[in-house]
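Let me begin by presenting the structure, written as structure tokens, before commenting on it.
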Number of protein chains: 2
Amino acid sequence: MSMEGQDIKKAGLKITLPRLKVLEILEVSEQRHMSAEDVYKALLLMGEDIGLATVYRVLTQFEDAGLVSRLSIDGGHAVFELEDGVHHDHLLCVSCNQIEEFVDEVIEQRQRSIAIEKGFKMTEHSLYIYGICKQCQEKN
Amino acid sequence: MSMEGQDIKKAGLKITLPRLKVLEILEVSEQRHMSAEDVYKALLLMGEDIGLATVYRVLTQFEDAGLVSRLSIDGGHAVFELEDGVHHDHLLCVSCNQIEEFVDEVIEQRQRSIAIEKGFKMTEHSLYIYGICKQCQEKN
DNA sequence: GTGTAAATGATGACGGTTTTCATTTATATT
DNA sequence: AATATAAATGAAAACCGTCATCATTTACAC
């Protein structure tokens, strides 16, 4: 059984072709952030005939299992990324939709302090910086 | 003409009953953050027979005019708040859906620095801290 | 008052996502 | 290896928040 198979099994899921292939796409794709539709199209290109509903289901199961993270970006559609255990935030280019990641311990710490000040028990946080990336600025 | 009427007029919009009433709801409602549906229901309670499509249109126009801000919270549905000119971020209670606001200049500054480091021209940013508010913690 | 562009309401469309349900498949057990 | 059974799948329809269409109504400049 492959490494991926073990991840799937550990999540309490049966090892099926759709699950193995979705995981493979996420691992081999040059784009780290993919929508369900992106994954679906990549599967079609690979010659795998897997339904879109299954892709959505599998991605949600992987999210529940902690294998992937879901980013809900502006305007209601989601992208997924392989979870690497390191929290990070995102910079999104509003022109080309490219996504970059960053980690900033100062911000992390301030967020924790604010939650405490307000009496909140923080479960999560999401920070998106929107802007125009270097390449898109140079193009125009 | 009321104060509100002037705001609407300044936005280049005709002063109509639906617009006055939507603005009134946003001002008098005890909840600062309302979805289009919330506003629509509040209008019905007031006895105003205004269509949901109009509520959406008016809120979008108010957003364009800078009278309200739209928050896109987790999973694609939006809430609106009266714009007071002061940028702030949000704490959301995942239990009771209450929303609190905060301002943190340290975070603001770090965000600007990160955008510069990454070569991004920042247009916007959104920061949400999710957690359980004080009241909900005490309840359980 | 009147003309004209703008605004409204009802309804249908839309897009991403989820549910339904009949069929197929993985896996534990014989 | 055959079988039983719960889980997984695919196709299609349902969903939900939001937006567009279009015929009718309204605000406001003249």
Side-chain angles (χ1 to χ4, degrees), chain A residues 1-2 4-23 25 33-44 46-65 67-80 97, chain B residues 1-2 4-23 25 33-44 46-65 67-80 97:
Chain A
M1 187 192 297
S2 70
E4 300 81 46
Q6 290 180 33
D7 286 340
I8 293 170
K9 191 160 212 176
K10 225 182 304 179
L13 301 169
K14 290 185 181 173
I15 297 171
T16 62
L17 195 112
R19 286 177 182 148
L20 286 169
K21 290 300 176 184
V22 167
L23 204 45
I25 290 291
H33 300 91
M34 301 182 79
S35 67
E37 195 74 36
D38 290 339
V39 172
Y40 175 67
K41 284 180 186 155
L43 288 167
L44 288 184
M46 267 181 113
E48 298 295 340
D49 199 11
I50 294 171
L52 182 56
T54 299
V55 172
Y56 274 103
R57 263 187 305 237
V58 168
L59 287 171
T60 300
Q61 291 158 346
F62 285 179
E63 186 192 10
D64 293 342
L67 268 57
V68 307
S69 297
R70 179 192 303 253
L71 314 186
S72 295
I73 42 181
D74 217 23
H77 90 291
V79 299
F80 298 84
N97 296 316
Chain B
M1 188 192 296
S2 71
E4 300 82 45
Q6 290 179 34
D7 285 340
I8 293 171
K9 191 160 212 177
K10 224 183 304 181
L13 301 169
K14 289 185 179 171
I15 298 171
T16 62
L17 195 112
R19 286 176 182 150
L20 287 170
K21 290 299 176 185
V22 168
L23 204 45
I25 290 290
H33 301 91
M34 301 181 80
S35 68
E37 195 74 37
D38 290 338
V39 172
Y40 175 67
K41 284 179 187 154
L43 288 167
L44 288 184
M46 267 182 113
E48 298 295 340
D49 200 10
I50 294 172
L52 182 56
T54 298
V55 173
Y56 274 104
R57 262 187 307 239
V58 168
L59 287 170
T60 300
Q61 291 158 347
F62 285 179
E63 186 193 9
D64 292 343
L67 268 59
V68 305
S69 296
R70 180 193 302 254
L71 315 186
S72 295
I73 42 180
D74 217 23
H77 92 290
V79 298
F80 297 84
N97 295 317

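What you are looking at is a predicted structure, and each value in this text was computed from that prediction instead of being measured. Labels below follow one simple rule: chain letters A, B, ... track the order of the sequence lines, proteins then strands, and each chain is numbered from 1.
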Practice task
Give a yes or no on whether the backbone of A/Q61 and the side-chain of A/D64 come within a donor-acceptor separation of less than 3.5 Å.
Solution key: no
Exercise for the section: Considering just the side-chain nitrogens and oxygens of A/R57, establish if one lies under 4.0 Å of OP1 or OP2 belonging to C/dT19. Expected result: no
Completion exercise
side-chain contact (heavy atoms from CB on, under 4.5 Å) filter on B/I25, not counting sequence neighbours, yields B/M34, B/V39, B/A42, B/L43, B/M46
Practice task
Return the value, rounded to whole Å, for the distance between atom CG of A/L44 and atom C1' of D/dG10.
Solution key: 13 Å
Practice task
Check every strand shown and say whether A/L17 touches a base, only sugar-phosphate, or nothing at a heavy-atom separation below 4.0 Å.
Solution key: nothing
Completion exercise
Considering only heavy side-chain atoms of B/L13, the closest of D/dT18, C/dA7, C/dG9 is C/dA7
Fill in the blank from the handout: Of C/dT17, D/dT9, D/dC19, the nucleotide closest to the side chain of B/Y56 is D/dC19
Practice task
Please state how far atom NZ in A/K9 lies from atom C1' in D/dA8, giving the value in whole angstrom units.
Solution key: 16 Å
Exercise for the section: Report yes if at least one side-chain N or O of B/R19 is closer than 4.0 Å to OP1 or OP2 of D/dA27; otherwise report no. Expected result: no
Problem - For A/T54, side-chain contact (heavy atoms from CB on, under 4.5 Å) partners two or more places apart - result: A/P18, A/I50, A/R57, A/V58
Exercise for the section: To the nearest 0.5 angstrom, please state how far the CZ atom of B/F80 sits from the OG1 atom of B/T60. Expected result: 5.5 Å
Practice task
Rounded to the nearest angstrom, tell me the gap between atom CG in B/L52 and atom C1' in D/dC16.
Solution key: 11 Å
Exercise for the section: Quick one: label B/T54 by what it contacts on the DNA or RNA (base, sugar-phosphate, nothing), any heavy atom closer than 4.0 Å. Expected result: base
Practice task
Rounded to the nearest angstrom, tell me the gap between atom NE2 in B/H77 and atom P in C/dT18.
Solution key: 15 Å
Handout entry: Rounded interatomic separation in angstrom, taking CD1 from B/I50 and C1' from D/dT25
Key = 14 Å
Problem - Nucleotide nearest B/K14 when distance is taken to its side chain, options C/dA5, C/dT17, D/dT9 - result: C/dA5
Handout entry: Interatomic distance where CD belongs to A/E63 and C1' belongs to C/dT18 [whole Å]
Key = 14 Å
Handout entry: Length of the CG-P vector between A/L20 and D/dT9, whole Å
Key = 10 Å
Practice task
Run through A/V68, A/I8, A/L59 and flag the one making a side-chain contact (heavy atoms from CB on, under 4.5 Å) with A/V22.
Solution key: A/L59
Practice task
Give the rounded distance in Å between these two atoms: OH of A/Y40 and P of C/dG15.
Solution key: 16 Å
Practice task
Between D/dT9, D/dC19, C/dT27, spot the one nearest the side chain of A/T16, thanks.
Solution key: D/dT9
Exercise for the section: Find which nucleotide of DNA chain D each of A/V58 and A/A53 is nearest to by heavy atoms, and output the residue with the more 5' nucleotide. Expected result: A/V58
